[in-house]
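Residue numbers begin at 1 in each chain, while the letters A, B, ... track the order of the sequences. Both backbone and side-chain heavy atoms feed into the values below; hydrogens, waters and symmetry mates do not.
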Protein chains: 2
Amino acid sequence: MRAKETDDESGGTAPGGIQALDAALSVLRVLRSFDGPATLSDIAREAGMPPSKVHRYLASFIHAGLAVQKERSGRYDLGREAAELGVAAISRNNFVVRASDELEELAGVTGQAALLAVWSHNGPTVVRLERGPHLTTTSIGLGSTFPLLDSATGRVFLSYLPSPQLAVRLQNELERAASVGVSWPDLNPNPASVEALTTKIRRERIAYVDGRYIPGLIAISSAITNWQGEIEVAVTLFGTHRELLQPDSPARTALIDFASRHSIAPPAQLGKPRDARAR
Amino acid sequence: MRAKETDDESGGTAPGGIQALDAALSVLRVLRSFDGPATLSDIAREAGMPPSKVHRYLASFIHAGLAVQKERSGRYDLGREAAELGVAAISRNNFVVRASDELEELAGVTGQAALLAVWSHNGPTVVRLERGPHLTTTSIGLGSTFPLLDSATGRVFLSYLPSPQLAVRLQNELERAASVGVSWPDLNPNPASVEALTTKIRRERIAYVDGRYIPGLIAISSAITNWQGEIEVAVTLFGTHRELLQPDSPARTALIDFASRHSIAPPAQLGKPRDARAR
DNA sequence: AAATTGATTGCATAATACGCAAATAAGAAC
DNA sequence: GTTCTTATTTGCGTATTATGCAATCAATTT
């Protein structure tokens, strides 16, 4: 086996780590990058390794529950342990944990469905979902992602997240909107208009959409920010009634209050709740 | 390094896999099992490995983004990539499809007919059906729905689904039972008795009926839950032999195991209080 | 039926992961 | 401020084992 002298290639080895493990974990990342089940050959090609090597890695992943092999076709997919690892990682985020505790209450008092979303590489991602009293059966589920411009949740991240992470994604959505000819009532597909919108969202602490992303679905969203003013979580209420949008609606007030209470005010105060004790 | 001759120890190696990778993944699982950041020593002790070995694994995990090292004190925690991996696994994880793959096997080893049911607006609805070796011709088919109180499947949904969605339906069935004069051996038509029954079902992870809904038909059912502890699917075994009901019957054990394997265990922090609780 | 594609498994060998122990760093005690 | 204690990190030699190759097995197509 050859050791890498220069790690200028993508996926170099870890300093002080283990080469075999680095290689294996890169396979895991490849497996994740597929949209669904993948064949051994595809995974091996994408990872740039011989299939036999990848096959042995996958055997261990399956043993650990991180991967599964479907039926007899031999295609590989992520397994249950991968999901549990993810929820464990998410639950380490204290903002998510604390907001989750009260999300059900928020859904109850507002009479709407509620969700929490965090930023992942696919964009805003649902990590918690509380269906309201009116069981609105939507296509939204755990792990769903939203667009930046066409969703209330996406617009909140657009307004609070630093530009670099958003730039390419925003550019794509703007171009796509321009080519398809979509336009918004409150937004034109140019940077100045986007800037005006995000400023407004930050000022009002609310973003909303009125049935554009999913026809007939009304949603309002607000940001939970950390001590640096960066967004940690977006809280979103959604339903089918337009009164959600009115400036003085109880639901809107409750949402802003909820987000404020779970945010840490920019002028950091001393009584800051420390993170939970280990064990 | 010593190779395991006997894999009777917990956490044996994978057949055809890689020993180093198995060891590393067991460390990852240990890291997940903590509620928060953990020290190297703790992780090593819990994993039963020398700290130096674990340290090298963690270096690779950090390189892959699966773990992070907080501050300079050197405590380790799950990283961003772990969360990404999880949402990828969840978003492509369809509980029905996943469970369907093994439903035939479950029917085979238990010698019973098996079905999967989800909640729809008509109540518990059969979405997959596997007739057992003894082709019991019943009136159950794809799209069939069950009552809440007179079926094992219905009782599982009754025990796991939030009250609002069930309230009217439950009320109807209770009233109807009272008017017709039906009674159950394990249930009286009042809220307190229903509560006692559902508590028992959640504790034992099993609901059953003994030929009441369909005369002569014995059924046991268990819940597959998602990472919020909400029911996604009910798995039901049914046949004509009463040994299904015995606490130590192989079929019952296999059913509970099946449901557990397909459920995603919610972490402690996100554990939702099942019943109403004052804050 | 033949052929093609893809998954799995022996095998020999060289590469490397392991354990041990030294070194470094961080806290605690005084 | 200095010493003591505890915990994390890193060399190093060797035996273990991960690897590439190629054969085998299975499944699907021509």
Side-chain angles (χ1 to χ4, degrees), chain A residues 1-7 11-28 30-31 34 36-64 67-77 278-279, chain B residues 1-7 9 11-28 30-31 34 36-64 67-77 101:
Chain A
M1 313 167 190
R2 50 162 227 195
K4 286 251 181 68
E5 288 298 330
T6 59
D7 53 352
T13 59
I18 287 172
Q19 295 184 19
L21 186 49
D22 289 327
L25 294 179
S26 79
V27 168
L28 192 60
V30 167
L31 186 59
F34 284 87
T39 66
L40 175 65
S41 316
D42 287 340
I43 301 169
R45 178 164 7 87
E46 198 67 24
M49 301 176 190
S52 66
K53 187 176 179 175
V54 174
H55 176 261
R56 281 181 257 244
Y57 287 159
L58 288 168
S60 284
F61 286 143
I62 289 172
H63 180 70
V68 291
Q69 193 168 21
K70 308 219 128 181
E71 25 186 301
R72 289 163 195 172
S73 68
R75 297 192 311 175
Y76 294 93
D77 201 353
R279 301 178 354 95
Chain B
M1 315 167 191
R2 50 160 228 193
K4 287 254 181 66
E5 288 299 330
T6 59
D7 52 352
E9 292 182 27
T13 59
I18 287 170
Q19 296 183 19
L21 186 51
D22 288 328
L25 295 180
S26 78
V27 169
L28 191 61
V30 167
L31 186 60
F34 285 86
T39 66
L40 175 64
S41 316
D42 286 340
I43 301 169
R45 177 166 7 89
E46 197 68 25
M49 300 176 191
S52 65
K53 185 176 179 176
V54 174
H55 176 263
R56 281 182 258 246
Y57 287 159
L58 287 168
S60 284
F61 286 143
I62 290 172
H63 181 70
V68 292
Q69 192 168 22
K70 307 217 138 179
E71 333 146 5
R72 295 180 190 175
S73 67
R75 296 196 311 177
Y76 294 92
D77 202 352
D101 288 341

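In this structure A/Tyr57 satisfies the side chain to side chain donor-acceptor pair (under 3.5 Å) test with no other residue, sequence neighbours excluded. For the salt bridge (Lys or Arg N to Asp or Glu O under 4.0 Å) test, no residue two or more places apart in sequence or in another chain qualifies with B/Asp22. Looking at residues two or more places apart in sequence or on another chain, you find no side-chain contact (heavy atoms from CB on, under 4.5 Å) involving B/Ala59.
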Quick one: side chains of residues 44-56 of chain A, donor-acceptor pairs under 3.5 Å with protein atoms, not counting sequence neighbours, listed by atom name and distance.
{"from": "A/Arg45", "atom 1": "NH2", "to": "A/Asp42", "atom 2": "OD1", "distance (Å)": "2.7"}

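Atoms CG (A/Leu21) and P (D/dA18) sit 12 Å apart, rounded to a whole Å. The interatomic distance linking A/Arg56 (CZ) with D/dC21 (C1') rounds to 10 Å, in whole Å. The OH atom of B/Tyr57 sits 17 Å away from the P atom of D/dT9 (whole-angstrom rounding). The CE atom of B/Met49 sits 17 Å away from the C1' atom of C/dC20 (whole-angstrom rounding). For the pair A/Arg75 CZ and D/dA27 C1', the computed distance is 15 Å after rounding to whole Å. Rounded to an integer number of Å, the gap from CD of B/Gln19 to C1' of C/dT16 is 14 Å. Whole-Å rounding puts the A/Gln69 CD to D/dA26 C1' distance at 13 Å. The distance between atom CG of B/Asp22 and atom P of C/dC18, rounded to the nearest whole Å, is 12 Å.
Neither OP1 nor OP2 of D/dA7 sits under 4.0 Å from any side-chain N or O of B/Tyr76. For B/His55, a side-chain nitrogen or oxygen approaches OP1 or OP2 of D/dT9 to under 4.0 Å.
Using a 4.5 Å heavy-atom threshold, the side chains of B/Val68 and B/Ile62 count as separate.
Taking every side-chain heavy atom of B/Ser41 into account, D/dA7 is the closest of D/dT17, D/dA7, C/dC18. Looking at the side chain of B/Pro50, the nearest of the listed nucleotides C/dA7, C/dT9, C/dG19 is C/dG19. When distances are taken from the side chain of B/Thr39 to each of D/dT8, D/dA18, D/dG20, the shortest belongs to D/dT8. Residue B/Leu40 has its side chain nearest to D/dT8 when only C/dT16, D/dT8, D/dA18 are considered.
Minimum heavy-atom separation, B/Leu25 to A/Ser60: CD1-O, 3.8 Å. Here the closest non-hydrogen pair linking A/Tyr76 and A/Leu31 is O-CD1, 3.9 Å.
Heavy-atom distances to DNA chain C give each of B/Gly16 and A/Ala20 a nearest nucleotide, and the one nearer the 5′ end belongs to B/Gly16.
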N/O contacts under 3.5 Å, protein versus nucleotides 22-25 of chain D?
none

